[in-house]
Q: 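Following this message is one structure expressed as structure tokens.
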Amino acid sequence: MSRYLPREIEGKWQSVWAEEGTWEVAGPGDPGFDPSRPAAYVLEMLPYPSGEPHVGHLKCYSVGDAIAHFRRRNGFEVIHPMGYDSFGLPAENNAIKTGEPPLTATTRSIESFRRQFNEWGISIDWTREIATHTPEYYRWTQWIFLQLFEAGLAYRDRAPVQWCPNDATVLANEQVIDGRCERCGTEVETRNLEQWFFRTTAYAERLLEDFDLLESWPEHVITMQRNWIGRSEGAEVMFRCEEVGIDFPVFTTRPDTLFGATFFVLAPEHPELEALVAGTEAEGPVRDYVNQVARASVEERGDEARPKTGVPLGRSVTNPVNGEQIPMFVADYVLMDYGTGAVMAVPAHDERDYAFARAFDLPIERVIEGVDEEAEDLDADGLPYSGDGPMVRSGRFDGMNNRKAYDEIVEWLSAEGRGESAVNYRLRDWLVSRQRYWGAPIPIVHCPECGMVPVPDDQLPVELPEISDYAPKGKSPLEAATDWVEVDCPGCGAAARRETDTMDTFVDSSWYFLRYLDPANGTTAFEREKADHWMPVDQYIGGVEHAILHLLYARFFVKALSDLGHIETPEPFANLFTQGMITRDGAKMSKSKGNTVSPADYVERFGADSARAYVCFMGPPERGGDWSDEGVEGVHRFLARLWRAATDLAEAEGQDPDGASCPADFEGDARVLAAKANWAIDKATGDFSRGFQFNTVIAAVMELVNEVYRTRDDLAGDAAGVAALRFAIATAASLIQPFAPHLAAEVWEMVVGGRVWEVPWPEADPAMLISETATIVIQVNGKVRDRIEVPDGIGESELLLAAREAPNVVRYLEGTETVKEVVVPGKLVNLVVKPA
RNA sequence: GCGGCGGUGGCGGAACUGGUAUACGCGAUGGAUUCAAAAUCCAUUGCCCGCAAGGGCAUGUGGGUUCGAUUCCCACCCGCCGCACCA
């Protein structure tokens, strides 16, 4: 008996797959393309190559590979590519610290990732490999940027933006979490800078609507995106300050409460603030207040429990519905980046306005009657009231229900030219420029004559120049590459300067899944025919941490590319699966805590198959789980058991090309084992199709292998027994193949011969799923009192008779009369009795 | 505060449409094998009472529907995740 040596087996099959290009597939226009085969695109999120792959990668690619294998064996032509999200800050920060160029560290990391993905035996079509930092790739990132630029979807603008002082760059809204930089956790500052944006807001509505086009996304991810886009319906209403002659539009979701507006508030960043108070008594206090707010952190300001603060401006605006003059304030509870940065305050019907009115002793005018049954913290009048009811103190709308008044007031304002219905989004345009080195240069030249000039297509890529000092200085390190910066304008030939900001690395990863489909194309980013053949991605797999960032950006990109005629589908990912995080001792793994798990160690000790199958066996993959060394060993033990059963059989009986089929004439133990194998096929197929319940698929194969051990001593003696054993072992190998592809290949070769990955996914024989006898549970008054074995398909009356005779049941029936008999065929009998 | 997900043995988890709760794995205990150990194989393993047969209690808590509830309904407690002064 030989020992299970995973490293040998795994090396053997990895060589076979590499030499034969087993996982390579052809698309339209490629040699060998077969249009009749159904296509499936299985994709895991692009890894950022830094150091070594961690367990999160192991889980993601193990899950994805299992799906890829399962689809292949169900007849699909599966494209399953791999690449690297290889631009980004870690490599650059390392360069600042050590002086090693980002390219060197990145190349090293990529080699390590590639090597380990191979050692894991992930079924990747390596001919499609990409890395976003290569000029061959970012040439097309730049091309897409210019496509967006020409379509008016990329623009440059001065705006208040979020600046991370530690990373010395601006950030997109999505990259600021609770006022802190998503990457490094430093508190961000607001700066007024000229930056590049993608017009994501132009797609706000479609980003919402097209959730309907998705086949299966986790509901919580859709909810998160919905919240992020933050659509709200209402009206834009104009308030005029007659004293200085400025109109202030406000967005409100409650135009029905307009008559209750008793004051008016501007955000501290409001651009007209200066003009309103210049030269007045309020100027000093307002300036002090604005400065004080500017110093406060985003986190402090966001605290809604904090008492309301603000300063009167000494000005007033006219309420357009009743002509009343209402006083103006500046207060930090009004945010500049939502709506218009100004609000009409209706203290009677809005909690925040109410709190402010209380603090500043301002009038509170109720305009909707009603009682809020559920609300707490109301004053004696039941205010603030946010429910519905009849209008009061609202002129000709008095007595009307507020919902109706809502529509009529908007209509009236529209007719008067003082307002209109409006939809507002929380979503901002995507800020894509970064003042950092290790990213794709923005392909624009600034010409004193022509302005912003796109670099012509035939001059792409704009290659990232080599520099010596990567340290950020508040502007892009590329500024220092004078030879590179100074160019002739592509339009007029005048001396001009290149744009020195680089692109957010999320731009790189917003379209990589398209480049995989045509990776070597030197004349276009991807051929539409190829993209349309494979897209959208049938199954996307990755962590929830990208629920908003990457997934929203990629959706935006595909919509834009679709509108520009480059691709058919408007959605990149038809089905999304988000895997849960693996922890260690209940805590998130991190280098600083020293609780990281290195997949390479486990692959070394137990083999890739054990490590892969273990992460799939830990629990439902969408949930997280705690890493356990004993757990890996357990899975390894199971694989070794299968291996030993197979070697024992192969040594004694050789291979049999028909071994994978199940003869129908088994009897006794042979029949029991064959039935178990068919049960496992049925269970595994069902669990695979229902979702991604890989843990129970693996458990079913474990049960099958346990059954092999229970019966094999008795079966090894005769031909039928050997056939049953062979069938069971072959079935186990076949079912475990998506999780342990090397072992499965080896076992299959030993007992059947040939290649398991080329064998169609097995189908259970329905006749073998029916057992000859059934165990029936007998309950008396809902409590289990006995179990009986009966022939399958027994009649109801016979069953009831047998049930009443079951030894332990008899005692409970003595001296009772039966009220009711419940029979569930093949499962259970419940006798409901009461004392006679 | 709002929204989502979850709470089952010593631990990770299973139970597809309301029908044997605790599959499978880990751990533990005992046995076989061995000079010995590792490895392996076999058996036992929810808790309590009982020599046993058997009984009682158990799926966060309390109620409800039902012949029967981990599963459905109501209320509550706890944990995790997301959002949160969005006008």
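Proteins come first, then strands; the chains are lettered A, B, ... in the order of their sequence lines, and each starts at number 1. Excluded from the calculations below are hydrogen atoms, water molecules and symmetry mates; all remaining heavy atoms, backbone and side chain alike, are included.
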Q: Considering heavy-atom distances to RNA chain B, does A:D687 or A:V777 have its closest nucleotide positioned more toward the 5' end?
A: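 The residue whose closest nucleotide sits nearer the 5' end is A:D687.
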
Q: Searching all strands shown, indicate the nucleotide that pairs with B:rA75 (Watson-Crick or G-U wobble; both distances under 3.5 Å).
A: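 B:rA75 is paired, partner B:rU61.
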
Q: Could you check which nucleotide pairs with B:rG10 in any of the strands shown, counting Watson-Crick or G-U wobble with both distances under 3.5 Å?
A: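 Across all strands, the one nucleotide that pairs with B:rG10 is B:rC26.
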
Q: Checking one value: the base orientation of B:rG9, syn if chi is within 90 degrees of 0, otherwise anti.
A: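 That one's syn.
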
Q: Is it true that A:F70 and A:F688 have ring centroids separated by less than 6.0 Å?
A: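 Centroid distance A:F70-A:F688: below 6.0 Å, so yes.
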
Q: Does the separation of the ring centres of A:Y614 and A:W627 fall below 6.0 angstrom?
A: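 That pair passes the under 6.0 Å test.
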
Q: A cation-pi test, strictly: NZ or CZ of A:R555 under 6.0 Å from the centre of the six-membered ring of A:F211 and no more than 45 degrees from its axis. Yes or no?
A: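 Yes, A:R555 lies over the aromatic ring of A:F211.
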
Q: So what's B:rG1 paired with, Watson-Crick or G-U wobble, going by both distances under 3.5 Å?
A: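 Paired with B:rC83.
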
Q: Nearest whole angstrom, please: distance from the P of B:rA23 to the CG of A:N706.
A: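 That distance rounds to 12 Å.
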
Q: According to a strict under-4.0 Å criterion, is A:R637 in side-chain N/O contact with OP1 or OP2 of B:rC26?
A: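 For A:R637, the contact criterion (side-chain N or O under 4.0 Å from OP1 or OP2 of B:rC26) is met.
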
Q: Mind checking who B:rC41 pairs with, Watson-Crick or G-U wobble, both distances under 3.5 Å?
A: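 When the pairing criteria are applied, B:rG31 turns out to be the nucleotide that pairs with B:rC41.
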
Q: Look at A:Q693 and B:rG13 and indicate whether a side-chain polar atom (N or O) is within less than 4.0 Å of OP1 or OP2.
A: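 No, no such contact exists.
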
Q: Categorize A:V832 for me: base, sugar-phosphate, or nothing, with a 4.0 angstrom heavy-atom threshold over every strand shown.
A: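 The residue A:V832 makes sugar-phosphate contact but no base contact.
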
Q: Please confirm whether A:F577 and A:F692 have ring centers closer than 6.0 angstrom.
A: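 Yes - the distance between ring centres of A:F577 and A:F692 falls below the 6.0 Å cut-off.
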
Q: Please tell me if A:N830 has a side-chain N or O lying less than 4.0 Å from either OP1 or OP2 of B:rU66.
A: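 No, outside the criterion.
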
Q: With a cut-off of 3.5 Å and sequence neighbours excluded, list every side-chain donor-acceptor pair involving residues 252-259 of chain A.
A:
residue, atom, partner, partner atom, Å
A:T252, OG1, A:R254, N, 2.9
A:R254, NE, A:D256, OD1, 3.1
A:R254, NE, A:D256, OD2, 3.3
A:R254, NH2, A:D256, OD2, 3.0
A:D256, OD2, A:N402, ND2, 2.9
A:T257, OG1, A:R254, O, 2.8

Q: For A:T262 and A:E365, does a side-chain donor sit closer than 3.5 Å to a side-chain acceptor?
A: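 No, no side-chain donor-acceptor pair sits under 3.5 Å.
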
Q: Does the side chain of A:N695 get closer than 4.0 angstrom to OP1 or OP2 of B:rA14 through an N or O atom?
A: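 It does, given that an N or O in the side chain of A:N695 lies less than 4.0 Å from OP1 or OP2 of B:rA14.
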
Q: Checking base pairs now: Watson-Crick or wobble, both atom distances under 3.5 Å. What partners B:rA69?
A: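 Looking at the geometry, B:rA69 pairs with no nucleotide.
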
Q: Across nucleotides 80-85 of chain B, 5' to 3', mark each nucleotide with B, S or - according to how protein heavy atoms within less than 4.0 Å reach it.
A: --SSBB

Q: Check whether any side-chain N or O of A:R644 sits under 4.0 Å from OP1 or OP2 of B:rA39, and answer yes or no.
A: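 No.
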
Q: Heavy atoms under 4.0 Å is the rule here; annotate nucleotides 46-51 of chain B 5' to 3' with B where the base is hit, S where only the sugar-phosphate is, and - elsewhere.
A: ------

Q: So what's B:rC51 paired with, Watson-Crick or G-U wobble, going by both distances under 3.5 Å?
A: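 Across all strands, not a single nucleotide pairs with B:rC51.
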
Q: Can a donor-acceptor pair be found between the side chains of A:Y812 and A:N781 at a distance below 3.5 Å?
A: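 No, no side-chain donor-acceptor pair sits under 3.5 Å.
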
Q: Heavy atoms from C-beta onward define the side chain here; which of B:rG3, B:rC16, B:rC24 lies closest to that of A:R690?
A: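 Side chain of A:R690 sits closest to B:rC16.
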
Q: Before we go on, tell me: are the rings of A:H636 and A:Y4 under 6.0 Å apart, centre to centre?
A: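 Yes: the rings meet the under 6.0 Å criterion.
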
Q: Please determine if A:R358 forms a cation-pi arrangement with A:F360, meaning its NZ or CZ atom is less than 6.0 Å from the six-membered ring centre and no more than 45° off the ring axis.
A: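 So A:R358 doesn't make the cation-pi contact.
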
Q: A:T252 has a side chain; which of B:rC57, B:rA87, B:rG27 sits nearest to it?
A: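 My answer, after comparing the listed nucleotides, is B:rA87.
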
Q: Going by atom types only, do A:R623 and A:Q579 share a side-chain donor-acceptor pair under 3.5 Å?
A: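 Checked: A:R623/A:Q579 side chains show no N/O donor-acceptor pair below 3.5 Å.
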
